Protein chains: 2
Amino acid sequence: MKISEVSEKYNLSVDTLRYYEKAGLLPNVQKNAGGIRDYSENDCNWVEFIKCMRGAGLPVAVLKRYIELFQQGEQTLGERKQILIDERQKLIEKRDTIQATINRLDFKINVYEQTIVKREKELLQGK
Amino acid sequence: MKISEVSEKYNLSVDTLRYYEKAGLLPNVQKNAGGIRDYSENDCNWVEFIKCMRGAGLPVAVLKRYIELFQQGEQTLGERKQILIDERQKLIEKRDTIQATINRLDFKINVYEQTIVKREKELLQGK
DNA sequence: TCTTGACCTGAAGTTCGCTCCAAGTTGTAT
DNA sequence: ATACAACTTGGAGCGAACTTCAGGTCAAGA
């Protein structure tokens with residue numbers, strides 16, 4: 001698969017794909033004789049994984065470390081699991097922070113709604 | 001209230017507080033004859049609001065716009081309400097993205113756990 | 001064969017949100 | 001009066017995650 005196809009498939013720019021590769025997130029992408037990338041199905045699965053994790057805000061450096069460990073084989077299973085547990089915990093905190101802010105916005109939006117309705121009524125009564 | 005006290009109260013650095021002010025998020029902080037800031041209770045409430053919104057990831061530029069409109073009085077009620085509705089919607093999407101990633105991590109962590117337990121058993125059996 | 005578009009590289013540039021620095025002023029305790 | 005900590009400003013610097021650029025190579029169609 002060419003880089004433009006992967007770009008289209010996952011809605012990531014070709015620049016971002018090359019950037020991820022340079023950053024160590026896609027260490028296995030093969031190149032043909034002419035130096036042109038040919039993404040395997042496995043590469044694509046990694047792209048999809050990285051896109052998902054980045055979408056939730058996991059830092060590139062953390063993903064790089066995870067992939068590094070993955071490359072090293074089974075003796076890193078524990079460390080990899082711990083990374084995922086740590087990041088999961090951070091996401092839970094982030095989600096809860098966001099939820100609290102949504103609740104606050106809900107309240108504020110309601111106050112605005114009521115105020116606006118009140119102002120409209122006053123206007124109709126020619127106050 | 002002095003800047004150091006506000007900094008302590010809301011756990012924001014004095015640099016951040018001055019940055020927010022320069023960025024237009026705290027337009028009303030008064031200064032005494034010597035040029036030293038004196039935060040009112042109202043200023044503090046804005047600091048708290050900004051801290052909360054920034055904590056959820058609302059951009060400084062959006063908050064600046066919101067505060068600008070607030071300064072302009074009642075004729076901007078509708079526009080202000082719309083900003084909050086838009087940002088609320090983005091937060092909901094962000095929260096859902098994060099939740100989906102948490103679920104994915106939960107699954108992956110379980111797979112790791114099972115794999116690790118399996119490897120340990122094999123080790124005990126001298127495989 | 002020629003052109004054109006997609007690909008390549010390394011490096012520089014951009015945006016965001018702070019964070020730090022230099023150099024100077026103010027307020028307070030002794 | 002003197003020290004010294006806390007305050008002030010404008011501007012530079014930083015880390016993260018891209019994004020763009022310059023200059024070149026490659027592959028396919030007319």
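First the proteins, then the strands, lettered A, B, ... as listed; each starts at 1. Keep in mind that this is a model prediction, so the values were computed, not measured.
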Item checked: Which residue lies more 5' along DNA chain C, comparing Lys2(B) with Leu58(B) via nearest heavy atoms -> Leu58(B)
Check: Would the number of heavy atoms belonging to other residues, nucleotides or ligands and lying under 6.0 Å from CG of Asn45(A) be above 12?
Finding: yes
Next item on the list: Using a cut-off of 6.0 Å, state whether more than 12 heavy atoms not belonging to Asn32(A) lie near its atom CG.
Entry: yes
Next item on the list: For the residue pair Trp46(B) and Phe70(B), categorise the inter-ring angle as parallel (less than 30°), tilted (30 to 60°) or perpendicular (more than 60°).
Entry: perpendicular
Check: Between Asp15(B) and Ala61(A), who's closer to the 5' end of DNA chain D by nearest nucleotide?
Finding: Asp15(B)
Note to self: Nearest 0.5 Å, please: how far is OH in Tyr112(A) from CG in Leu105(A)?
What the structure shows: 10.5 Å
Rounding to a whole Å, what distance do you find between [X]:[atom1] and [N]:[atom2]?
| X | N | atom1 | atom2 | result |
| --- | --- | --- | --- | --- |
| Lys22(B) | dC20(C) | NZ | P | 15 Å |
| Asp38(A) | dC26(D) | CG | P | 17 Å |
| Tyr19(A) | dC18(D) | OH | P | 6 Å |
| Leu12(B) | dT19(C) | CG | C1' | 13 Å |

Are any of [X]'s side-chain N or O atoms less than 4.0 Å away from OP1 or OP2 of [N]?
| X | N | answer |
| --- | --- | --- |
| Tyr20(A) | dA17(D) | no |
| Arg54(A) | dA17(D) | yes |
| Thr16(A) | dT19(D) | yes |
| Ser4(B) | dC7(D) | yes |
| Arg37(B) | dC7(D) | no |
| Asn32(B) | dC7(D) | no |
| Arg18(B) | dT9(D) | no |
| Lys31(B) | dT9(D) | yes |

Checklist line | Electrostatic pair Glu48(B):Lys51(B) at N-O distance under 4.0 angstrom | finding: no
